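Reviewing the structure listed below.
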Amino acid sequence: MSVPYLTGKLVGLRALTLADAAHAAAWARGPLPINATRAEAFLKETHTDPWNPRRRYLAMVRVGDGEIVGGAAVSGANGRTGKLDVWAAPWFSPEEGDRLCADAVRVAVPWLRDDNELMTVTFAVPADAAATIRAAEDLGMVLGATFREHVARPGGRVDLLEYQALNSGWTIPVIEEASGA
Amino acid sequence: MRNPLVVGPRVYLRALEAADAETNAAQSNAETETFMYRGRAPASPISFARWVEDDGKHALPSSIHLAVCLRDGDHYIGSVTLHQVDYLNRTAETGSGLADGFRGQGLGTEAKMLLLEYAFERLHLHAINSHVFEQNSRSAAALKKQGYRPAGRRKWDDVKGGVYCDGLLFDLLRDEWLAAREAWRATLPAEE
C-alpha cells in the first residue's frame, strides 16, 4: 500500500485501510481515545468517494517498517484550492513529532501543488514547530496570517501560523477598467 | 422570549428549532446580496430541517449555530455561528448572517456581541478568528468595530467578479472583545 510519490526520508503517506482501525490512536488526530470499533465506523463513514472525497484522510507511516506514526488530511474546494493538515502520533515528543510532520509536508505539498496542480495549498502550523516551518519555507510556502495564541501548550499558548503554497502555473486575469465611453 | 440562551437589549440568541427551517429557507431565497457568500442558490426547508436536526446530535459539536431573534415579537431574523470549535485549544471561527431587511440597524453587531459573550464567557474560549472576502468591506469594517484585529490574508481564496480574490483573516482575544463591548455599549441609548 505504500505510495512511491508520497514517500520521504523519514515518513510516507498512504491511504487508510480497515486493518488500520486497530491503530487509530496513531492516525486519528487528538488526544481522545478511539477504539477499533469506532475507528472502523469512522473509516467507512469517511471513505465513500474514491475520487473526490470532501476530506481525504491518510496514514503517516515510517519509512522502513511501515509503522503508522501519524496522520494527514487534505480538504479542498472545486479541485482548485486545498488545505493540508498533518500530525504525529501522540506518543512522540514535540520535537520528534515536528521532525515527522516536516518530512510529511515535504512530500505532501509538491504532490498537491505540482502533481494535482492546485492553485493554493494552505497549511497551519504552531509557531513552535521549527522543523515543520523550515520545511514549509524551503518549499516556497509564504506566511499569510498569524492567529495569536491559538494553540494551547502546557503552561502557555503559542501562535498559529498559516502558510500557503501558491502555484505559479496559475495566472490571474487582469480586468481592464471600463472606459466609460 | 422562547428558550433564550444569551439576551441583549433588542435581540436574543437561542437554539435553532426544526420550525425555523421554513423561515430560514424563505430568508435565504430572498437574499439580495451576492458579495458575502460563494454564490446564491435556491434553498429547501428540507435541507435546513436536516441541518438543524444534525446540529443537535453532538454533545460537543464542532459548529454551534444559534438563532437570532427579536425580543419584540420573537421574530427569527438570522443566525450566528461558531465554526470549527476546538475544545482543546479553545478557539473557534465566527460567522453571522441576518436576513435582508434587518441589516444596517445595529442588530448584527448586537447579535455578534452576544455570540462573543457566549464564546468567551460560557464556553471559555481563549481566541476567536474570522474570515471575509476582501470585497466584503462592510463585514471587514464590522469585525474591526467588534474588536477583531487583522491576522493576515489568504491568497486566491475564491472567485468574485470574475477574478480571484483574497480572504482577509482576523483574530480576537477576550480582553479586546471586552474593550469593544464597552465601546459598543456606550453607543446604546440609556435605559429608562
Side-chain angles (χ1 to χ4, degrees), chain A residues 29-32 45 55 73 75-83 85 87 90 113 117-128 140-154 156-178, chain B residues 37-39 54 57-60 62 82-94 119-120 123-135 140 143 147-177:
Chain A
R29 189 170 203 173
L32 300 177
E45 288 163 10
R55 190 166 165 84
S75 51
N78 307 321
R80 195 167 47 73
T81 61
K83 179 175 182 294
D85 289 304
W87 57 90
R113 179 187 58 194
E117 298 192 50
L118 292 184
M119 188 179 189
T120 68
V121 180
T122 303
F123 173 67
V125 56
D128 58 356
M141 299 184 85
V142 292
L143 177 63
T146 300
F147 296 106
R148 296 166 298 156
E149 303 181 22
H150 264 50
V151 183
R153 290 286 189 245
R157 303 186 69 87
V158 298
D159 294 343
L160 182 67
L161 310 180
E162 183 173 293
Y163 279 84
Q164 274 191 302
L166 304 175
N167 190 332
S168 59
W170 286 73
T171 56
I172 308 297
V174 177
I175 304 297
E176 297 291 336
E177 290 289 330
Chain B
Y37 301 122
R38 290 196 156 87
D54 288 347
K57 284 182 178 173
H58 306 283
L60 291 175
S62 60
L82 294 173
H83 301 281
Q84 299 177 26
V85 183
D86 184 334
Y87 296 94
L88 298 171
N89 290 303
R90 293 164 44 219
T91 61
E93 178 181 341
T94 53
F120 285 119
L123 297 180
H124 306 294
L125 298 186
H126 183 86
I128 294 293
N129 61 78
S130 195
H131 161 280
V132 301
F133 295 124
E134 63 179 335
Q135 289 91 337
L143 287 173
Y148 289 75
R149 308 291 172 92
R153 179 177 285 262
R154 190 175 291 150
K155 295 289 288 180
W156 305 345
D157 201 26
D158 213 323
V159 177
K160 288 287 173 193
V163 295
Y164 296 110
C165 70
D166 293 352
L168 304 180
L169 304 168
F170 297 85
D171 65 8
L172 176 68
L173 302 177
R174 184 173 180 276
D175 288 347
E176 295 159 356
W177 163 68

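This structure is a prediction, so every number in the text was calculated from the model and none was measured. Heavy-atom basis, side chains included; hydrogens, waters and symmetry copies ignored. In what follows, every chain begins at residue 1, and chains take the letters A, B, ... in the order their sequences are listed.
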(request) Check the side chains of A:H150 and B:D171 for a donor-acceptor pair under 3.5 angstrom, ignoring hydrogens and angles. (result) no
(message) Is it the case that over 12 heavy atoms from other parts of the model lie below 6.0 angstrom from the CD atom of A:E45?
(response) yes
(request) Run through B:T91, B:N89, B:L173 and flag the one making a side chain to side chain contact (heavy atoms under 4.5 Å, CB included) with A:E149. (result) B:L173
(message) Counting only non-hydrogen atoms closer than 4.5 Å, does A:E162 touch chain B with its backbone (N, CA, C, O), its side chain (CB onward), both, or neither?
(response) side chain
(request) Check B:N129, B:L172, B:I128 against A:F147 for a side chain to side chain contact (heavy atoms under 4.5 Å, CB included) and give me the one that passes. (result) B:N129
(request) Hey, could you give me the CG/OG1 distance between B:D166 and A:T120, rounded to the nearest 0.5 Å? (result) 10.0 Å
(request) Tell me, for B:L125 versus chain A, whether the close heavy atoms (under 4.5 Å) come from the side chain, the backbone, both or neither. (result) neither
(request) Using non-hydrogen atoms and a 4.5 Å limit, figure out which bit of A:R153 sits close to chain B: side chain, backbone, both or neither. (result) neither
(message) Under a 3.5 Å distance rule, please check whether B:R154 uses its side chain to pair with a backbone N or O of A:Q164 as donor and acceptor.
(response) no
(message) For a 4.5 angstrom cut-off between non-hydrogen side-chain atoms, does B:K155 reach A:T81?
(response) no
(message) Looking at every heavy atom in both A:A152 and B:L88, which two are closest together, and how far apart are they?
(response) CB-O, 3.9 Å
(request) Find the distance between CG (B:D158) and CZ (A:R80) and round it off to the nearest 0.5 Å. (result) 5.5 Å
